[in-house]
Amino acid sequence: MKQQVKFILAGTTLLASQAAFANWSSTVTLASDYSFNGVSYTDEDPALQASLDYAADSGWYAGAWTSNVDFGDGGGIDQELDFYAGYWTQLNDAWSLDYGIAYYTYLGTTNADESNYPEAWVKFNYTSDFGVTEFNSWYSWDYFGLGGGHVIGMVAHTFAIAENHAIRISADTSNSLDGDKWIWDVNDKSYQHVRAAYQTSFKGFNFEVAAEDTTLDYDTGDFRVVASVSRTFSF
């Protein structure tokens with residue numbers, strides 16, 4: 001669920017939520033980097049990701065998502081496997097709401113599961129003649145299994161530049177609520193991340209090329225360009 005990419009083309013949300021799909025689906029993604037809020041989770045190497053999702057007509061959905069990972073710390077974690085469930089609803093002609101909970105697990109060495117943690121999210125989408133604006137937030141009360149609270153807030157806007165071509169611009173901030181549990185940089189309990197992405201689709205494949213940067217002062221949070229291709233199969 002972490003890296004389910006949103007493609008909003010010509011004003012139409014193609015992957016706005018799992019509720020957009022009927023019943024069972026699977027999305028397979030090949031990315032040049034697994035970048036989460038601007039931080040590389042694969043030590044700037046490529047990632048192969050896949051999900052299995054179920055969406056009910058009522059708006060409830062659930063699924064699982066996996067990706068290879070490499071935190072570059074010699075800790076032996078090499079795979080992430082996430083489980084999630086949520087609810088999506090159209091509030092009116094302009095606004096939609098998505099909320100849910102996920103549990104992120106890590107595989108590799110015998111101690112890999114010590115990094116497992118839960119996270120809840122609330123997301124609002126506003127659709128207008130100018131595109132789709134997102135107001136998203138995530139909260140964990142046990143970030144990476146360390147017992148500290150962590151909050152992410154994001155604002156994003158996607159607009160069409162031509163039929164089947166769109167730009168998505170986003171800005172988010174990651175904030176540790178307990179500095180002695182998680183400090184992102186030398187003395188910082190928070191950092192900021194900006195991202196600009198071009199999105200398109202062709203013959204059932206979704207493509208994205210994004211440039212992003214953070215205020216972090218280490219290599220896996222530096223400026224980078226990330227490309228991905230994905231395809232969703234419904235069954």
Side-chain angles (χ1 to χ4, degrees), residues 1-6 15 17-18 21 24-55 61-86 98 100-121 136 138-152 154 172 174 176-178 181-184 191 193 206 208 210 212 214 216 218-222 224 226-233 235:
M1 188 62 176
K2 274 188 182 179
Q3 298 297 306
Q4 293 280 355
V5 180
K6 294 185 177 182
L15 296 182
S17 73
Q18 299 303 320
F21 299 113
W24 290 96
S25 67
S26 177
T27 299
V28 179
T29 301
L30 178 62
S32 63
D33 189 358
Y34 173 7
S35 180
F36 179 63
N37 293 100
V39 177
S40 175
Y41 275 27
T42 49
D43 202 21
E44 300 184 298
D45 286 333
L48 179 61
Q49 305 167 340
S51 71
L52 179 63
D53 304 288
Y54 178 80
Y61 62 88
W65 181 91
T66 189
S67 175
N68 59 293
V69 295
D70 180 1
F71 294 110
D73 57 1
I77 297 176
D78 53 27
Q79 195 72 26
E80 178 179 333
L81 177 60
D82 306 337
F83 303 93
Y84 46 86
D98 179 5
I101 190 168
Y103 191 67
Y104 305 130
T105 71
Y106 296 94
L107 308 173
T109 63
T110 55
N111 297 324
D113 60 354
E114 294 180 359
S115 296
N116 297 354
Y117 71 97
E119 187 176 66
W121 69 84
N136 304 329
W138 296 262
Y139 169 67
S140 175
W141 52 95
D142 185 23
Y143 194 60
F144 270 98
L146 296 175
H150 191 262
V151 175
I152 302 171
M154 172 189 287
D172 55 83
S174 295
S176 174
L177 304 182
D178 193 342
K181 299 294 185 181
W182 190 278
I183 297 178
W184 275 108
Y191 76 93
H193 166 232
N206 294 310
E208 181 181 78
E212 59 184 335
T214 76
L216 292 171
Y218 46 81
D219 291 344
T220 53
D222 287 348
R224 68 172 57 83
V226 179
S228 67
V229 55
S230 66
R231 181 154 188 169
T232 298
F233 304 90
F235 46 89

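The analysis underlying the following values was restricted to heavy atoms, covering all of them including side chains, and did not include hydrogens, waters or symmetry mates. Numbers here are sequence positions counted from 1.
Between Trp182 and Trp184, the angle of the ring planes goes over 60°, which puts this pair in the perpendicular group of the 30/60° scheme. Ring orientation note: the planes of Phe144 and Phe71 are nearly perpendicular, at an angle over 60° on the 30°/60° scale.
Remark: Thr42 pairs with Asp33 by the side-chain hydrogen bond (donor to acceptor under 3.5 Å, both in side chains) rule, at least two apart or across chains. Every residue two or more places apart in sequence or in another chain that forms a side chain to side chain contact (heavy atoms under 4.5 Å, CB included) with Ser67 is listed here: Tyr34, Ala47, Gln49, Trp65. For Thr66, the side-chain hydrogen bond (donor to acceptor under 3.5 Å, both in side chains) partners are Gln79, not counting sequence neighbours. Residues satisfying the side-chain hydrogen bond (donor to acceptor under 3.5 Å, both in side chains) criterion with Glu212, sequence neighbours excluded, are Ser35, His193. Remark: Asp219 pairs with Asp222 by the side chain to side chain contact (heavy atoms under 4.5 Å, CB included) rule, at least two apart or across chains. Listed by chain and residue number, nothing satisfies the side-chain hydrogen bond (donor to acceptor under 3.5 Å, both in side chains) test with Thr220 (two or more places apart in sequence, or in another chain).
Pro118 is listed as a side-chain neighbour of Asp142, based on a closest heavy-atom distance under 4.5 Å. A 4.5 Å side-chain heavy-atom check between Tyr61 and Asp98 finds at least one atom pair inside the cut-off. Looking only at side-chain heavy atoms (C-beta outward), Trp138 and Met154 come within less than 4.5 Å of each other.
A pairwise comparison of heavy atoms in Ser230 and Thr29 identifies CB-OG1, 3.2 Å as the closest pair. The shortest non-hydrogen separation linking Phe83 to Ala64 is CD2-CB, 3.9 Å. Closest approach of Asn37 to Tyr191, counting heavy atoms only: O-OH, 2.8 Å. Counting all heavy atoms, side chain and backbone alike, Leu107 lies closest to Ala112 at C-CB, 3.8 Å. Here the closest heavy-atom approach between residue Ser25 and residue Thr232 is recorded as CB-CG2, 4.2 Å. Closest of all the heavy-atom pairs between Arg224 and Ser40 is NH2-CB, 3.7 Å.
In this structure, Trp24 CH2 and Asp53 CG are separated by 9.0 Å, a value rounded to the nearest 0.5 Å. Remark: His150 NE2 to Lys181 NZ distance equals 15.0 Å, nearest 0.5 Å. Expressed to the nearest 0.5 Å, how far OG1 of Thr27 lies from CZ of Phe233 amounts to 8.5 Å. With values rounded to the nearest 0.5 angstrom, Ser140 atom OG is found 12.5 Å from Trp121 atom CH2.
For the pair Ser26 (side chain) and Ser51 (backbone), a donor-acceptor distance under 3.5 Å is present. Checked by atom type and distance alone, the side chain of Asn68 never pairs as donor or acceptor with a backbone atom of Asp78 at under 3.5 Å.
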ask   = Could you go step by step and tell me if Tyr143 and Tyr117 meet the ring-ring contact (aromatic ring centres under 6.0 Å, His included) rule?
value = CA-CA 6 Å; Tyr143 194 60; Tyr117 71 97; 5.1 Å; yes

